[in-house]
Engineer: 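Have a look at this one before I ask anything.
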Protein chains: 2
Amino acid sequence: MTGPEIAVDRSSPVPLYFQVAEQFAAAIQRGELAPGDRLDSELQLADRLGLSRPTVRQAIQHLVDKGLIVRRRGVGTQVVRGEVRRGVELTSLHDDLARAGRQPSTSVLELATVACPVEVATALDVTAGSEVQHLRRLRFADGEPLAVMENWLPLHPVRLTLDALQARGLYAILRAAGIRVRGAQQRIGARAATGAEAQMLGERRGAPLLTMTRTAYDDHGRYVEHGAHIYRASRYSLEVTVAER
Amino acid sequence: MTGPEIAVDRSSPVPLYFQVAEQFAAAIQRGELAPGDRLDSELQLADRLGLSRPTVRQAIQHLVDKGLIVRRRGVGTQVVRGEVRRGVELTSLHDDLARAGRQPSTSVLELATVACPVEVATALDVTAGSEVQHLRRLRFADGEPLAVMENWLPLHPVRLTLDALQARGLYAILRAAGIRVRGAQQRIGARAATGAEAQMLGERRGAPLLTMTRTAYDDHGRYVEHGAHIYRASRYSLEVTVAER
DNA sequence: CAGTGGTCTAGACCACCAG
DNA sequence: TGGTGGTCTAGACCACTGT
């Protein structure tokens, strides 16, 4: 067993372990490595690629975390599945839609600086009543309403503008402002649409909605955004991949 | 800055990096390390604990993956939050409820060997029509109906029995049979309850339900279970924590 | 500039599993 | 018994950060 051809470029700024991980992931997605197939052992790989074992190991661990492969001591490393579905990650709806080949658009319903409501203040860890930016957007995919998203942001150096929000999505704006979102806590549930919500989304009153609240934090461990979103359940669902280490 | 007192036991079978990670996590949850607090640097920790830097690093990386802390090159390591919420992990509803101090109970509606439906066969990667175990359970929390869960399992050495399912939850049974679930793909959505579903769950027809389908795989990368579950949205929601590395 | 985390190396010993 | 992954060590160089 030699496995797919992997080549590393030591002059590249991309870490070696990442180059290796990406090439294995690509081989799996191409079907070159089928579910159940065994990978070479760490020692074989290290030898074949001219890398140290810890580096190879780091690459493989990366794939385990993504749920692509499984390892067993004393046995070896095997492919779990070929089809890779994207899970809930730190992406904006805008990017998700664009990646799926659908045309995202946005109508900004509200954009203002307000006194922070108590529930939001708890989530963002700021004092209630302090000033925060508040926005509410109606999001479309291919011209059809998909979601209503409400967000609160502590006062950052970030200036949110209508133009930017209609073109780019919130997370892209944050990224451009040098804010690196590192993680988030999300709660996912469901409830019935109110009359107003139904009207905006083109559903009937009482229609099932998928709800998500999210609090995201950055580089510094500071909370940068809290969101409360509702999605048309008939048009949207979420994927999550879980893998043990 | 010295941080919380951490002691490692080299005679313990628990890996050193895991001992360290757990003690830091506990200190964060106790509030001893508050959000925004800095941890000692890797070199300081390695020196203080008498461990090598890679081992300390492995411990800290573990906490980053759980979303407890954030690291920045050139700066240091900081605590993100104190309150740790349990996310969507590889736990059964039974265990989740028990941990939350609620009394789980189960009524098995169906338990039989059937020909595998096509959609399930795709998910489990078996040939359609082959024999699989099928079960359907109505789950209660503190005596109130909470969810209807339907599962399909390829023919394993596992013998599912009514008694076991009423007492223990599916994942505990699998674990006891030596099957180690390593990961899963989940899809989360919402829809309206049918008349029959509403009656079982004590909701009205059309009431919003949270839906989840899950395909779980084991040690060998084999799919061991596919489930289609519906939860009363009024009583249940899911938490997910996402962290970038 | 000094200090941080990110990456990489070359070994080592062990627990576990299959043949 | 031989090979696998899991853990651990003791170094090294680098990119990045704040002062």
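Just so it is clear: chains get the letters A, B, ... in the order the sequence lines come, proteins before strands, and each one is counted from 1.
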Engineer: Assign each of B:V14 and A:H220 to its nearest nucleotide of DNA chain D by heavy atoms, then name whichever residue's nucleotide is nearer the 5' end.
Structural biologist: B:V14

Engineer: Just to verify, what does B:T77 make a side-chain contact (heavy atoms from CB on, under 4.5 Å) with, not counting sequence neighbours?
Structural biologist: B:L39, B:I60, B:I69, B:R71

Engineer: Would one find a side-chain N or O of B:Y17 under 4.0 angstrom from OP1 or OP2 of D:dC8?
Structural biologist: no

Engineer: A:R182 CZ to C:dG6 C1': how many Å, rounded?
Structural biologist: 11 Å

Engineer: Once side chain to side chain donor-acceptor pair (under 3.5 Å) is applied, do any residues pair with A:R53, and if so which ones, sequence neighbours excluded?
Structural biologist: A:E42

Engineer: Check the interface with nucleotides 1-4 of chain C: list each N/O to N/O pair with the protein under 3.5 Å, or write none.
Structural biologist:
unit_1, atom_1, unit_2, atom_2, d
C:dG3, N2, B:G74, O, 3.4
C:dT4, O2, B:G74, N, 2.9

Engineer: Can you measure B:Q61 atom CD to D:dC8 atom P for me and round it to whole angstrom units?
Structural biologist: 16 Å

Engineer: For A:F18 and C:dT7, what is the distance between atoms CZ and P respectively, to the nearest whole Å?
Structural biologist: 10 Å

Engineer: Just the rounded figure in Å: distance from P of C:dC8 to CG of A:L45.
Structural biologist: 15 Å

Engineer: Distances under 3.5 Å between protein N/O atoms and the N/O atoms of nucleotides 9-11 of chain D, please, pair by pair.
Structural biologist:
unit_1, atom_1, unit_2, atom_2, d
D:dT9, OP1, B:R10, NH2, 2.5
D:dT9, OP2, B:S52, N, 3.0
D:dT9, OP2, B:S52, OG, 2.9
D:dT9, OP2, B:T55, OG1, 2.7

Engineer: What pairs with A:D9 under side chain to side chain donor-acceptor pair (under 3.5 Å), at least two apart in sequence or on another chain?
Structural biologist: A:S11

Engineer: Using the test ring-ring contact (aromatic ring centres under 6.0 Å, His included), find all partners of A:H134 that sit at least two apart in sequence or belong to another chain.
Structural biologist: A:W152

Engineer: What is the distance from CD of A:Q58 to C1' of D:dG5, rounded to the nearest Å?
Structural biologist: 16 Å

Engineer: Quick one: list whatever passes salt bridge (charged side-chain N to carboxylate O under 4.0 Å, His left out) with B:E22, sequence neighbours left out.
Structural biologist: none

Engineer: If a pair satisfies side chain to side chain donor-acceptor pair (under 3.5 Å) and one of its residues is in residues 112-124 of chain A, list it, with sequence neighbours excluded.
Structural biologist: none

Engineer: Using salt bridge (charged side-chain N to carboxylate O under 4.0 Å, His left out) as the criterion, list what pairs up with B:D47, not counting sequence neighbours.
Structural biologist: none

Engineer: Decide whether B:R136 and B:N151 meet the rule of one side-chain donor and one side-chain acceptor closer than 3.5 Å.
Structural biologist: no

